[in-house]
Each structure stands twice: as structure tokens, then as C-alpha cells.
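Written below as C-alpha cells is the structure these notes are about.
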Amino acid sequence: MRRIHVGNALSAFGLGFTVPYLYVYVAQVRGLGAMTAGTVLAVFAVAALIVLPFAGRAIVRRGPLPVLLAALVTAAVGALSLGLAGSAVTVLGSAALLGAGQAVMQPALATMIVDCSTADTRSRAFAMQFFLQNLGLGVGGLIGGHLVDTTRVSSFTLLFAIEAAMFLLLVVVMTTVRMPHSPRFEEAPGRSAKGSWKQLLGNRAMVQLCVLGFVLFFACYGQFESGLSAYGVEAAGISTSALGSALAANTGMIVIAQFVVLRFVERRRRTRVIAAVGLIWAVAWLAAGYAGLGHGSREMATAAFVSTYALFGLGEAMLSPTVAPLVADLAPEGMAGQYNSAFALVKQLALAVGPAVGGPMGASMHAPYIVTFLLFSLGISVLAVRLGRGLTVAQDQPWSTRSRVVTRGGTAPIPAEAS
């Protein structure tokens, strides 16, 4: 598990070097224009949508580790070639490789966490994953910002080379991992690829969770660098430095609050925690509305806008030990890879649609933008409560079932804190 967490941190650290500067690199440094730069960002999403359905089948058949290693090598080749690409065709091809590799890493690492954890330790493991991902992205972005120089192509080539090196270093680290045995596709007679997807779609709770996940990612993550930032600049008059402070507040909240929040959510019903996140994000959208539509001073507007990002970070910290373990607990034995990939596919769809819808609204339709995403946040709470009605006690409040075993005189696994 420690190696897996190191892997999460390294991959996020590598991505942090390049993701914030990708648009500038393609449009300005390579001189390929805004249209090509926008297409590159779309290629990332399209590549993910293409490979994720196959990734789930591969993880179930071969196990998460071989799939992860193949994804890392693909991403490393894509990153290095992107740093050397000089034409639109080579840039788009490189972006497709990097996007595909990056997308497959997520369900592969998530499935490895599932295989290496128990019901007692799973929430804490996913909270640690989320913490290290945000820390790695923040540190990588900070260092990368001091290395880039828009007048020198070589500085960007260095960034992409560092990113590729991080992925290859992660290959070395992951080859030392010895995964515990878990059932594979071949060990489950009667199942086919088509049948496994049919089984997943027949799982009503998983379908409800996917719908809820789409709304979660659409209403929050899909707005960070598109609609919400455009709204802040156009409606609230937020400066670029204040926007950077807001993003820093989001990351800072996650880093500071993650393990404090974990103690709270570990003993609560998962769906109630998700419902609470919807209410917190509704307050965040109200704060954003005050920043852009209120009549306060520039300082008050900036403070309200920064608090919006901080409140989003608090909600994210509550979701990280809640949603991913729930996906794992809904998956039949040996099918965690399929379920993780399906949920990652839903996430990518939301991240593709979110900016396309939120960007134009945030820039020009200020009041409708706030009202729309305020209602989406309240919808999260409604969907979470409805999901809770269809879950078993073990799925929604696993700590409760363990407590009952102890009460009846049985044995239960020792909690992580006690060990």
C-alpha cells in the first residue's frame, strides 16, 4: 500500500508540472494557436472516453498491475513526444497517448487500493490517495511555474521530460509491488465482457451512484478551470492573482482538512455524507453569487470567491473516503476493476461536458449560471438520500456491521488506529 501511495504522489507530481501550462505551451510557445490548444484539451477527454471501457475489461482479466504498467509507459511516451512535438498533428497524437495513459492509471490504482485494503482500512487508504494527489499536483505546479519561460521552448521540453521521468520512475516502483491474489475474469465461468457490462448496468445501486457521480463532477470539478474562473473574472472582477489564491485555498483546505474530516465521515452513513457535501457546495455557490452579483467592495467579493473554492475543497475532502470505497463495496468479487473503470468513465464524461456548458454560462450568463449550479448542488443531496434507500447496511454504514459482530461476541478486524 505504501508503494501504491508513492505511485499516486509521483503521477500527480508529474502531471502538476505540465497540466497548468499546456494551453500556453501549444497556443503561444509552439505558435499553433488557440484553436489547436483547445482541441488538445478535448483530445485528452476523447482519448479517456475511448480507452476506459476496455481498461475495465483488461483489469478484470489481467489484474490492475500489468494494466497500470502499460498505462504508465504509454503516458511517458506521450509526455516526452509532446515536449518535442512541433506540428499540430504530432501535438494531437502525443496528447492522445498522454490522455489515454493518464485515464487508465486512475481505475488501475484504485483497484490496487481495493485489493490491498480491507473494509476497515479502505476509507483511510482512499483519503490518503486523494491527499497525496492534491499535494503532488500542487507541488509539481509550483516547481513547474518556476522552470517555465514562454520565450524558451526548451524550458517546456524540460517540463515534459520530467513528467515522463516521473511515470518511468513509477514503473520501477510498481514492479516491486507484490499484489495479493484476487479473483480474475477467467476464474469466473459464465461471464463474458458483454455479460459483465450487463451485470453492472443491472446493478441499480451502481447505476444510481454513476448518475450521482456525474452530477458531482459536473457541478464541481467540471467548473474549476472553466465556468467558475470565467464567472470570477467577468462577473466578480477577480484578478488573476486572486484566482490563483482561490485555487491555492482549495488545495490548502484539502491538505489541512482531509484527515480531520476522515474521523468524522468514518462513523457516518456514506450517503448522508454525500448529501451533506451537496449542502456545503450549495453554500459555496451562494458565496460565488455574492461575489459576482452582490454590491460589496472588491475585497469582500474576492474573499467570497476564495471561500467558494475553500468550501469546494472541504466537500472534496469528505467525498474522497466515501465515494471510491462505496464503488468497491458495490462491485461483485473480482469485478472491482470493471466498476472502477465505469465510474472513471462517468467522471470523464462529466469533466468533458462540464466546461462546455459552464464556460459560456459563467462568462456571460452570470445569474443563470449561479442558479443552475446551486440547483445541481441541492440535487446532489436529493440523489444521495435516494441512493441510501437502496443500499444495504454493510454498503452504507460498514462500521455498523463490524460493531454488531463485536456486540454479539464475535471477532472483528482490528481498526487501523488500534494496530
Side-chain angles (χ1 to χ4, degrees), residues 38 41 45 208-240 242-247 249-250 253-254 271-319 322-323 346-388:
L41 297 177
Q208 287 182 302
L209 181 58
C210 285
V211 172
L212 175 58
F214 181 89
V215 178
L216 283 168
F217 292 111
F218 176 78
C220 175
Y221 299 89
Q223 303 307 313
F224 272 178
E225 296 176 3
S226 58
L228 191 54
S229 58
Y231 168 84
V233 172
E234 298 293 339
I238 301 299
S239 65
T240 53
L243 183 58
S245 298
L247 291 168
N250 176 263
M253 176 63 79
I254 292 170
T271 51
R272 296 294 172 84
V273 172
I274 299 172
V277 170
L279 296 178
I280 290 171
W281 285 356
V283 175
W285 284 109
L286 289 174
Y290 172 80
L293 306 175
H295 301 286
S297 64
R298 175 67 62 84
E299 292 75 16
M300 290 296 293
T302 299
F305 193 74
V306 170
S307 69
T308 298
Y309 276 78
L311 287 169
F312 275 128
L314 177 61
E316 292 174 74
M318 295 170 65
L319 289 176
T322 306
V323 175
V346 168
K347 176 181 177 181
Q348 288 296 329
L349 280 170
L351 294 180
V353 176
V357 174
M361 287 187 69
S364 59
M365 304 170 63
H366 304 148
Y369 177 69
I370 294 298
V371 172
T372 298
F373 286 93
L374 173 63
L375 292 176
F376 269 109
S377 296
L378 295 175
I380 290 170
S381 299
V382 174
L383 290 171
V385 172
R386 290 187 61 185
L387 173 63

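Quick caveat, the model's predicted, so the values are computed rather than measured.
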Would you give the length of the straight line joining atom SG of Cys220 to atom CG of Asn250, rounded to the nearest 0.5 angstrom? 7.0 Å
Side chains of Val346 and Phe217, heavy atoms from C-beta outward: is any pair under 4.5 Å? no
Validation row: Val283, Thr308 side chains within 4.5 angstrom (heavy atoms): no
Leu216 versus Tyr221: any side-chain heavy-atom pair under 4.5 Å? no
Side-chain donor/acceptor of Gln223 to backbone N/O of Gly354, under 3.5 Å: yes
With rounding to the nearest 0.5 angstrom, report the CD1 to CG distance, Ile254 to Leu314. 9.5 Å
Nearest heavy-atom contact between Ala287 and Ala304 is O-CB, 3.6 Å
Here the gap from Arg386 atom CZ to Ser381 atom OG, rounded to the nearest 0.5 Å, amounts to 13.5 Å
Closest approach of Gln348 to Ala45 (non-hydrogen atoms, all atoms of both residues): OE1-CA, 4.4 Å
Could you give the distance from CH2 (Trp281) to CG (Leu311), rounded to the nearest 0.5 Å? 11.0 Å
Rounding to 0.5 Å, atoms CG (Leu319) and CD1 (Ile280) come to a distance of 9.0 Å
Using 30° and 60° as the class boundaries, would you call the ring planes of Tyr309 and Phe312 parallel, tilted or perpendicular? perpendicular
OH (Tyr290) and CD1 (Ile370) are apart, to the nearest 0.5 Å, by 14.0 Å
Show the nearest heavy-atom pair for residues Ala282 and Ser377, with the distance to one decimal. N-CB, 3.7 Å
List the atom of Leu212, the atom of Ile380, and the distance in Å for their closest heavy-atom pair. CD1-O, 3.7 Å
Residue pair Ala249 / Val306: nearest heavy atoms and the distance that separates them: CB-CG1, 3.7 Å
I need the single residue from Tyr369, Trp285, Phe218 that forms a ring pair (Phe, Tyr, Trp, His ring centres under 6.0 Å) with Phe376. Which is it? Phe218
Closest heavy-atom pair and its distance - Val385, Ala275: CG2-CB, 4.2 Å
